Amino acid sequence: MGTPAQRLQSERLKYPGLLPEEVLVLRAWLALHEHEYDRFDYNMRIGQGIDPGPLYSPEVRKQAVMNTQLRIDAVAWKGAQPSIVEVKRRTTPSNVGQILTYDSVWRKEFPGTPAPILRLVCNTYSLHILPRVTEAGIHLDLVQVDFSGLKKPS
C-alpha cells in the first residue's frame, strides 16, 4: 500500500511542495473553484534567494537560490488578476503572516500586475486569525476533506 506520500505521488508531482494532507485540501478546493479561473501556476517561487557564491558550482548555486526563495503553493489566474493560494490542513497565525509576506513581495516583484487576491485554503483554522484575516481582506476558504486515505491500512 505504501505511505500516504507514495499513494498520492502522482498528485504530489502535479502540486510540488505540498504535503499529502495539503494535496487533499487543494483537491477539494479545486473541485469547488477550479472553473472560476483560467489557469494555475503551482509551486511558484518569488523573492530573492541566497546565492552561496562563486566557490560553488552553477548547479549548486541555482539550487541554493531556489531553496531560499519564498514558495507560493498556487497562483490562480482570472485574466490578469492573480490570486495567491496558500493551502494548509489547519490555518494558523503563522500562515496569515506567510501570505501577507507573499503579498508584499509580489507587489514589489510584479508591479505591473493587479494586487493579488489572497486566499487561505484549509479544512480547519485557529480562531485567533479571524480579526487579522478580516482586516487584511484575506479570503478564508474552508473545505470539507476526507483524510481517511492518509491512515495506514490495517
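Everything numeric here is computed off the predicted structure, so don't read it as measured data.
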Can you confirm whether [X] sits close enough to [Y] that some side-chain heavy atom of one is under 4.5 Å from a side-chain heavy atom of the other?
X	Y	result
Ile129	Leu140	yes
Cys122	Leu120	no
Val25	Val143	yes
Ile84	Trp106	yes
Glu21	Asn123	no

Where do [X] and [Y] come nearest, in terms of heavy atoms and distance?
X	Y	answer
Leu127	Pro131	O-CD, 4.1 Å
Val121	Thr91	O-OG1, 4.5 Å
Val75	Trp77	CG1-NE1, 3.4 Å
Ala80	Pro82	O-CD, 3.1 Å
Glu86	Ile99	CB-CD1, 4.1 Å
Trp29	Phe40	CZ3-CE2, 4.0 Å

Please report the interatomic distance [atom1]([X]) to [atom2]([Y]), rounded to the nearest 0.5 Å.
X	Y	atom1	atom2	result
Arg27	Leu18	CZ	CG	12.0 Å
Ser104	Ile46	OG	CD1	9.5 Å
Ile72	Arg45	CD1	CZ	11.0 Å
Thr68	Gln63	OG1	CD	10.0 Å

Does Glu109 have more than 12 heavy atoms from other residues, nucleotides or ligands lying within 6.0 Å of its CD?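 Count over threshold, so yes.
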Does OH belonging to Tyr56 count more than 12 external heavy atoms closer than 6.0 Å? no
Same hydrophobic cluster for [X] and [Y], using side-chain heavy-atom links shorter than 4.5 Å among ILVMFWY?
X	Y	answer
Val87	Leu142	no
Val85	Leu118	no
Val65	Ile50	no
Met66	Met44	no

Contacts of Arg71 that satisfy salt bridge (Lys or Arg N to Asp or Glu O under 4.0 Å) - sequence neighbours left out: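 For Arg71, the residues satisfying salt bridge (Lys or Arg N to Asp or Glu O under 4.0 Å) (neighbours in sequence not counted) are Asp73.
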For Glu36, give me all partners under salt bridge (Lys or Arg N to Asp or Glu O under 4.0 Å), at least two apart in sequence or on another chain. none
Checking side-chain contact (heavy atoms from CB on, under 4.5 Å) against Leu100, which of Val133, Ile138, Val105, Asn95 comes through?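 Result: among Val133, Ile138, Val105, Asn95, Ile138 is the only option passing the side-chain contact (heavy atoms from CB on, under 4.5 Å) with Leu100.
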So, the side chain of Asp51 versus the backbone of Arg61: is there a donor-acceptor pair under 3.5 Å, distance only? no
Does Glu34 reach the main-chain N or O of Arg39 with its side chain, forming a donor-acceptor pair under 3.5 Å? no
Using the salt bridge (Lys or Arg N to Asp or Glu O under 4.0 Å) rule, pick out the option among Arg90, Arg89, Lys88 that qualifies with Glu22. Lys88
Give me each pair satisfying ring-ring contact (aromatic ring centres under 6.0 Å, His included) with a member in residues 113-147, each pair once, sequence neighbours excluded. none
Can you check salt bridge (Lys or Arg N to Asp or Glu O under 4.0 Å) on Glu59 and Lys62, steps first, answer last? CA-CA 5 Å; Glu59 297 81 16; Lys62 179 181 178 187; over 6 Å; no
